[in-house]
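Okay, so here's the structure we're looking at.
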Amino acid sequence: DVKVTQSSRYLVKRTGEKVFLECVQDMDHENMFWYRQDPGLGLRLIYFSYDVKMKEKGDIPEGYSVSREKKERFSLILESASTNQTSMYLCASSQGGGLVAKNIQYFGAGTRLSVL
Amino acid sequence: GNSVTQMEGPVTLSEEAFLTINCTYTATGYPSLFWYVQYPGEGLQLLLKATKADDKGSNKGFEATYRKETTSFHLEKGSVQVSDSAVYFCALSDSTSGTYKYIFGTGTRLKVLA
C-alpha cells in the first residue's frame, strides 16, 4: 500500500513564525501536492511538484513556498505565518505518467495548523 | 476554467436509506472523474473513479456513472450504514498540463443515524 506520511497531526504556531510542514511518500512517486482544506471551500491546491527540485504554483500559492530536495519528501513552508493560514493541510502523491491509473492521488492524514 | 459543483451538506439519513450525492462538472476536453471519501480524523482516500463517458465506477456498494450529456457524476448507494458517515468529495482530473492536477468540489458531509 502507498503510504503518505505527514510529520505532524497538530501544530500551534505564533504569527510571524516560519513554519515547516513535512511530507514523505514511500512509493517512489514522481508527483507530490500540497492542499489546504477549509470548510465550504473544499481542497485548494497550493503547490505541486512533478520532479525533484521542480515545482509549480497551484491556485493559492501566496504566502507559501515549497522544497523538494529528494524524491520522497515534499516540504511546505510558511515564511511568516499569519492567522488566515490556520487550516488543515493535506499532502498527496501520485505515480505520474500518461495514464489516469498512474495519476490517482494518495493522501496523508493531514496537519491541522493553528496560527495564534 | 474547469470546476466541480456538489450538493451542500450535511446530509442526514437513517441506516439502510438510499443515498444520492449530486456532482456536476464543467470541463474542456475529456476529464476523468473521481469520488474521494474522508473519514473523521483521516486524509482522503479514493472511493471510485470513471475515465470516460458512460463508465460506471463502483466500490463498497457505492456507484457513480459518468454522464457526459448532463456533465454529472452523482454518487449513489442503495443502503447506507453508520460506518459510511464521512465527507465525500467529487473531483475531476485535469490532464491538460500533463500533470493530472485534480479539481475538487467543496465536499458533502454525510451523517448516518442508527
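Every value quoted in this text rests on a predicted model; they were computed, and no experiment measured them.
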Out of curiosity, [X] [atom1] to [Y] [atom2], how far, rounded to the nearest 0.5 Å?
X	Y	atom1	atom2	result
A:Asn103	B:Lys49	CG	NZ	11.5 Å
A:Asp59	B:Ile103	CG	CD1	7.0 Å
B:Gln45	A:Phe107	CD	CZ	11.0 Å

Other residues, nucleotides and ligands only: do more than 12 of their heavy atoms fall within 6.0 Å of [atom1] on [X]?
X	atom1	value
A:Tyr10	OH	no
B:Glu16	CD	no
B:Gln81	CD	yes

Measure distances from A:Leu41 to the heavy atoms of chain B and classify the residue's part below 4.5 Å as side chain, backbone, both or neither.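 Contact with chain B: backbone only.
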
What part of A:Gln37 gets within 4.5 angstrom of chain B, counting heavy atoms only: side chain, backbone, both, or neither?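 Side chain only.
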
Given a strict heavy-atom distance threshold of 4.5 Å, which part of [X] is in contact with chain A: side chain, backbone, both, or neither?
X	result
B:Glu42	backbone
B:Leu44	both
B:Gln38	side chain

Using a 3.5 Å distance criterion without hydrogens, assess whether the side chain of A:Arg44 forms a donor-acceptor pair with backbone atoms of B:Phe104.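 No; judged by distance alone, with no hydrogens or angles, the pair does not exist.
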
Path from [X] to [Y] over hydrophobic side-chain contacts below 4.5 Å:
X	Y	answer
A:Tyr89	A:Val66	yes
A:Val19	A:Val115	yes
A:Tyr50	A:Tyr64	no
A:Met88	B:Val37	no

Suppose we call two aromatic rings close when their centres sit under 6.0 Å apart. Are A:Phe33 and B:Tyr102 close by that rule? no

